[in-house]
Colleague: 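This is the structure, below, for whatever I ask next.
Chain letters run A, B, ... following the sequence lines, proteins first, then strands; residues in each count from 1. Atom set for the values below is all heavy atoms of this structure, side chains included, hydrogens, waters and symmetry mates excluded. Only a predicted model underlies this, so the values are computations on that prediction, with no experimental measurement involved.
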Amino acid sequence: MHSFLQRGNSILAYALSVLACLTFICFASTLFLNYVTDAKMNTVKVVVKNVPDYSASREKNDLGFLTFDLQTNLTDLFNWNVKQLFLYLTAEYITPSNELNQVVLWDKIILRGENAVLDFKNMNTKYYFWDDGNGLKANKNITLTLSYNIIPNAGLLPNIFASGSHSFKFPVEYTTTRM
Amino acid sequence: MDVANLFDDVKRMNKRQFIYQVLSFGMIVSSALMIWKGLMVVTGSESPIVVVLSGSMEPAFHRGDLLFLTNYPEEPVRVGEIVVFKVEGRDIPIVHRVLKLHEKRNGTVKFLTKGDNNSVDDRGLYAPGQLWLTKDDVVGRARGFLPYVGMVTILMNEYPKFKYAVLACLGLYVLVHRE
């Protein structure tokens, strides 16, 4: 007869291998899906100030303020192997001192089952738009893009750009009034 | 299978068989080491698999989830990626998302990170006076995700006695058990 331990051991081993197999099927079934979708965005109000950045160097840096509109429908991205989407709105630009600057202005976590149809009007940014120096004033080409990081139940963690972007320019003068 | 039975096996072995058992035990240990070192070569990361130890990335990653990392020098760090980095004076690497990034013309990159579940960025976690992370701080970029599997490691680290018990049992079993 088999002992209690032997039975327990084989049940555990079998259960674990079934779980591993199912997890792999779940991963493989969504491996080649195309997760690109489109998003519409626009900036409403754009100003730039020149104030000391006490969170970093304490020197006077350019600080951009903007409000934005965002419209997208991410419902189709969800499937059985998408636990969560991490959405983020990035501003990308070039300054004389830096070849590439990327600043996340806003982000949002959408879990499966939550509303994934977004229509924001005149939203404030979630994070400060600090430049690393004074490169925002009169900057002619700031590109806003929406990306999302897909968090699966098990599998890869791709970062995907939504198609559709918006370019805007900052004013040539600093705003000195309080906002 | 009781303990007396276990040692019966050993008693019945001759010298050659016992050495064979010891060698096969050594084989298991060294092949585990080779797999780990081989993964380090393939992924370019000094620690290709990490266990999430804090809740700062919830709801994406919970304590005990497993992350697979790569760290290829030709793949640039970009905003929105999940990086694992080391901070001077902290033993445990941190898993957080890149929030801001500035890249100079000569290729030097500095970036700031934040945990999804934290309300502020990571400047308070960095070494005193450190404002940015650079490529040298990065252990790897999260590429794959597997839930729960790291729970075993967490259990072992929190209860060292449990770890030694498991290791002793496994070691004894391999040494004593006859193929």
Colleague: Between A:Leu157 and chain B, with a heavy-atom cut-off of 4.5 Å, which part of the residue counts as in contact: side chain, backbone, both or neither?
Modeller: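 Both parts, backbone and side chain.
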
Colleague: Do A:Leu33 and A:Ile160 sit in the same hydrophobic cluster, where Ile, Leu, Val, Met, Phe, Trp and Tyr count as joined when their side-chain heavy atoms come under 4.5 Å apart?
Modeller: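 Same cluster.
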
Colleague: Would you mind checking which part of A:Tyr93 comes under 4.5 Å of any heavy atom in chain B, side chain (CB onward), backbone (N, CA, C, O), both or neither?
Modeller: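 Side chain of A:Tyr93 only, per the 4.5 Å heavy-atom cut-off to chain B.
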
Colleague: Quick check on B:Leu67 against chain A: is it the side chain, the backbone, both or neither that has a heavy atom closer than 4.5 Å?
Modeller: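 Interface part for B:Leu67: side chain.
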
Colleague: Check each atom of B:Leu131 against the heavy atoms of chain A and say whether the ones under 4.5 Å are side chain, backbone, both or neither.
Modeller: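 Answer is side chain: those atoms of B:Leu131 sit under 4.5 Å from chain A.
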
Colleague: Is the number of heavy atoms from other residues, nucleotides or ligands within 6.0 Å of NZ (A:Lys140) greater than 12?
Modeller: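 No, NZ of A:Lys140 has 12 or fewer neighbouring heavy atoms, counting only those of other groups under 6.0 Å.
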
Colleague: Treat each ILVMFWY residue as a node, draw an edge where side-chain heavy atoms are under 4.5 Å apart, and state whether A:Phe86 and B:Leu112 are in one component.
Modeller: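 Yes, A:Phe86 connects to B:Leu112 through the hydrophobic network.
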
Colleague: Near B:Glu158 CD, under 6.0 Å, is it more than 12 heavy atoms from other residues, nucleotides or ligands?
Modeller: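 Yes, the 6.0 Å shell around CD holds more than 12 heavy atoms from other groups.
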
Colleague: Quick one about A:Asn98 and B:Arg105 (side-chain donor to acceptor, distance below 3.5 Å, no hydrogens or angles considered), yes or no?
Modeller: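 There is no such pair between these side chains.
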
Colleague: Heavy-atom distance under 4.5 Å to chain B: side chain of A:Gln84, backbone, both or neither?
Modeller: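 Side chain only.
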
Colleague: Heavy-atom cut-off 4.5 Å, strictly under: side chain, backbone, both or neither for B:Arg97 against chain A?
Modeller: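 Just its side chain gets close to chain A.
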
Colleague: Could you state the interatomic distance from CG (A:Leu156) to CZ (B:Phe68), rounded to the nearest 0.5 Å?
Modeller: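 One gets 10.5 Å once the value is rounded to the nearest 0.5 Å.
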
Colleague: Would you find more than 12 non-hydrogen atoms of other residues, nucleotides or ligands less than 6.0 Å from A:Lys121 atom NZ?
Modeller: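 More than 12 within 6.0 Å, yes.
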
Colleague: Before you tell me yes or no, could you show the steps for B:Lys100 and A:Asp132 under salt bridge (Lys or Arg N to Asp or Glu O under 4.0 Å), namely the whole-Å CA-CA distance, both residues' side-chain angles and the distance that decides it to 0.1 Å?
Modeller: CA-CA 10 Å; B:Lys100 285 175 79 172; A:Asp132 177 43; over 6 Å; no

Colleague: Is chain A contacted by the side chain of B:Leu66, its backbone, both, or neither, given a heavy-atom distance below 4.5 Å?
Modeller: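 Neither part; nothing is under 4.5 Å.
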
Colleague: Taking atom CZ of A:Phe24 as the centre, report whether more than 12 heavy atoms of other residues, nucleotides or ligands fall under 6.0 Å from it.
Modeller: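 Check fails, neighbour count at 12 or below.
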
Colleague: Side chain, backbone, both or neither: which part of A:Asn159 has an atom under 4.5 Å from a heavy atom of chain B?
Modeller: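 Contact with chain B is through the side chain of A:Asn159 alone.
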
Colleague: Relative to chain B, which segment of A:Ser147 carries a heavy atom at a distance below 4.5 Å: side chain, backbone, both, or neither?
Modeller: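 When you check distances to chain B, no heavy atom of A:Ser147 falls under 4.5 Å.
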
Colleague: Are B:Val166 and B:Leu155 in one and the same hydrophobic cluster, where Ile, Leu, Val, Met, Phe, Trp and Tyr link if side-chain heavy atoms are under 4.5 Å apart?
Modeller: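 Yes, B:Val166 and B:Leu155 fall within the same hydrophobic cluster.
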
Colleague: Residues of residues 36-55 of chain B under 4.5 Å from chain A (heavy atom pairs)?
Modeller: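 Residues of residues 36-55 of chain B touching chain A at under 4.5 Å: none.
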
Colleague: For residues B:Val98 and A:Val104, report the shortest heavy-atom separation together with the two atoms involved.
Modeller: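 Here B:Val98 and A:Val104 meet closest at O-CG2, 4.3 Å.
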
Colleague: Taking B:Phe111 as the starting point, is it possible to reach A:Phe129 by hopping between hydrophobic residues whose side chains are less than 4.5 Å apart?
Modeller: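 Shared cluster, no.
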
Colleague: Measuring heavy-atom distances to chain B, does A:Ile109 have an atom under 4.5 Å in its side chain, in its backbone, in both, or in neither?
Modeller: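 The side chain, not the backbone.
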
Colleague: Under 4.5 Å between side-chain heavy atoms, hopping through other hydrophobics if needed: is there a path connecting A:Val36 to A:Val82?
Modeller: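 Yes, one cluster joins them.
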
Colleague: For A:Tyr127, which atoms come within 4.5 Å of any heavy atom of chain B: side chain, backbone, both, or neither?
Modeller: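 Just the side chain, heavy atoms under 4.5 Å.
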
Colleague: Are A:Gln102 and B:Leu99 close enough, and set up right, to give a side-chain contact (heavy atoms from CB on, under 4.5 Å), and what steps lead you there?
Modeller: CA-CA 8 Å; A:Gln102 289 184 313; B:Leu99 186 71; over 6 Å; no

Colleague: Can you tell me which portion of A:Leu111 sits under 4.5 Å from chain B's heavy atoms? Options are side chain, backbone, both or neither.
Modeller: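 It is the side chain, since no backbone atom gets that close.
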
Colleague: With a 4.5 angstrom heavy-atom cut-off, which part of A:Ser55 approaches chain B: side chain, backbone, both or neither?
Modeller: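 For A:Ser55, heavy atoms of backbone and side chain both lie under 4.5 Å from chain B.
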
Colleague: Rounded at 0.5 Å granularity, tell me how far CG in A:Asn149 sits from CD1 in B:Ile82.
Modeller: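 The CD1 atom of B:Ile82 is 4.5 Å from CG of A:Asn149, to the nearest 0.5 Å.
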
Colleague: What are the two closest heavy atoms between B:Val79 and A:Tyr88, and how far apart are they?
Modeller: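 Looking at all heavy atoms of both residues, the shortest contact is O-OH, 3.5 Å.
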
Colleague: Can you see which heavy atom on A:Glu99 is nearest to which on B:Lys104, and at what distance?
Modeller: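 Result for this residue pair: OE1-O, 3.9 Å.
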
Colleague: Under the criterion side-chain contact (heavy atoms from CB on, under 4.5 Å), I'd like the reasoning laid out for A:Asn101 against B:Leu101: C-alpha separation, chi angles, the key distance, then a yes or no.
Modeller: CA-CA 6 Å; A:Asn101 300 273; B:Leu101 176 143; over 6 Å; no

Colleague: Just so I understand: if I count every heavy-atom pair under 4.5 Å between each of B:Arg123, B:Glu81, B:Arg141 and chain A, which residue has the most?
Modeller: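 Sorted descending by pairs with chain A, the first entry is B:Arg123.
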
